[in-house]
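Presented below is the structure to which this report refers.
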Number of protein chains: 2
Amino acid sequence: MPHNHEELLKHVSSEMPVDELLQDLGDLFKVFGDTTRIKIMYALHEDEMCVCAIADLLKMTQSAISHQLKVLKAANLVASRREGKTIYYRLADEHVKSIIAQGYEHITE
Amino acid sequence: MPHNHEELLKHVSSEMPVDELLQDLGDLFKVFGDTTRIKIMYALHEDEMCVCAIADLLKMTQSAISHQLKVLKAANLVASRREGKTIYYRLADEHVKSIIAQGYEHITE
DNA sequence: TTATCATATGAACGATTGCTCATATGTTCA
DNA sequence: TGAACATATGAGCAATCGTTCATATGATAA
């Protein structure tokens, strides 16, 4: 007969956040889970940059960068301001830096 | 003529980590970027659990959980110990908790 | 207005991902 | 040894993802 975890499950499931929140958490980290987006966030670490500067820096097309900035913005990880034709992007808040910093710590042990 | 960012790019690129590290960072967060894996890590937040208990908790097949645990283990996010037929998984270190906590803070503002 | 620069966006395509299903491996106990 | 349990794994498939390409939108200056 398979073994029993009723008590454990009762306790653990009472501590689990609701599904919607866990889904949102996954969706947030999914945004961090791409090298291009990580690079963009790293580039914005110190100062705002315009789209074409980011594209130059990463040696990628303007379109690809623009698509990814949209993803980052939808997740509230970057914000932007317009100045004439140019649009400058910056990190939206300090969470971005601390999440990346924690990840960095993990992989560099 | 397109506008110029030479100075900015020179500075920013000097501050960028090497590509391999940025790739590793992306790969790490990719692991966090799935609801099933987030749930598993949350379940292990307080105590170790065996595979079938996790499967019961999440109402998913043993196979699906086992596949995901392999991913988590490859990323050094969980560790395991055997006790007879049963294998117990636990969080590998405190980084898991702090990364999730930072993400949690971000989405709950 | 027209030309040019900066950025955004939609469709399409190849690559990756997460699950299922079937089966293999490993452990215990009779 | 054989049966039952716990877990792992490989193949296959649908769904998602990230890029490219073509084109649209928006702003500025002549």
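In the text below, chain A, chain B and the rest are named by the order of the sequence lines, each starting its count at 1. Remember, predicted model here, so these are calculated numbers, not experimental data.
Pairs passing the ring pair (Phe, Tyr, Trp, His ring centres under 6.0 Å) check and including a residue from residues 53-96 of chain B, sequence neighbours excluded, read A/His106-B/His95. Applying the ring pair (Phe, Tyr, Trp, His ring centres under 6.0 Å) test to every pair with at least one member in residues 5-26 of chain B, sequence neighbours left out, gives these pairs: B/His3-B/His5. Listed by first then second residue, pairs satisfying ring pair (Phe, Tyr, Trp, His ring centres under 6.0 Å) with a partner in residues 14-58 of chain B read A/Phe29-B/Phe32, A/Phe32-B/Phe29, B/Tyr42-B/His45, not counting sequence neighbours.
Looking at residues two or more places apart in sequence or on another chain, you find a salt bridge (Lys or Arg N to Asp or Glu O under 4.0 Å) between A/Asp27 and A/Lys30. B/Lys59 meets the salt bridge (Lys or Arg N to Asp or Glu O under 4.0 Å) test with no other residue; sequence neighbours excluded. Legend: residues meeting salt bridge (Lys or Arg N to Asp or Glu O under 4.0 Å) with A/Glu83, ordered by chain and number and at least two apart, are A/Arg81. The salt bridge (Lys or Arg N to Asp or Glu O under 4.0 Å) check on A/Glu7 picks up A/Lys10, with sequence neighbours excluded. For the side-chain contact (heavy atoms from CB on, under 4.5 Å) test, residues two or more places apart in sequence or in another chain that qualify with B/Val71 are B/Val31, B/Arg37, B/Gln68.
Using a 4.0 Å cut-off on heavy atoms, none of the residues of residues 16-34 of chain B approach DNA chain D. Annotation: proximity of residues 4-13 of chain A to DNA chain D (heavy atom, distance under 4.0 Å) is found for no residue. For the segment residues 46-60 of chain B, the set of residues with a heavy atom within less than 4.0 Å of an atom of DNA chain D comprises B/Cys50, B/Val51, B/Cys52, in numerical order. Scanning residues 64-85 of chain A for heavy-atom distances under 4.0 Å to DNA chain C yields A/Ser66, A/His67, A/Lys70, A/Lys85.
Close to D/dT19, at under 4.0 Å from its OP1 or OP2, lies a side-chain N or O of A/Thr36. Side-chain nitrogen and oxygen atoms of B/Tyr89 include at least one within less than 4.0 Å of the OP1 or OP2 phosphate oxygen of D/dA8. Note on A/Thr86: every side-chain N or O is 4.0 Å or more away from OP1 and OP2 of C/dA6.
What separates CD of A/Gln62 from P of D/dA24 is a distance of 15 Å, to the nearest Å. For A/His3 and D/dT7, the NE2 to C1' distance is 11 Å, given to the nearest whole Å. Going from atom OH of A/Tyr88 over to atom P of C/dT7 covers 8 Å, rounded to whole Å. Spacing between atom CD1 of A/Ile87 and atom P of D/dT25 amounts to 15 Å, rounded to whole angstrom units.
Shortest non-hydrogen contact noted between B/Leu58 and B/Ile40 is CD1-CG1, 3.8 Å. Considering every non-hydrogen atom in both A/Ile107 and B/Leu21, the closest pair reads CD1-O, 3.9 Å. Summarising the geometry of A/Leu57 relative to A/Ala43, their closest heavy-atom pair is CD2-CB, 3.5 Å, with the distance given to 0.1 Å.
For D/dC21, its base sits under 3.5 Å from the side chain of A/Ser63 at one donor and acceptor pair at least.
Taking CD of B/Gln23 as the reference point, atom CG of A/Asp34 lies at 9.0 Å (rounded to 0.5 Å).
A/Arg90 places no side-chain N or O within donor-acceptor distance of the main-chain N or O of A/Ala92, the cut-off being under 3.5 Å.
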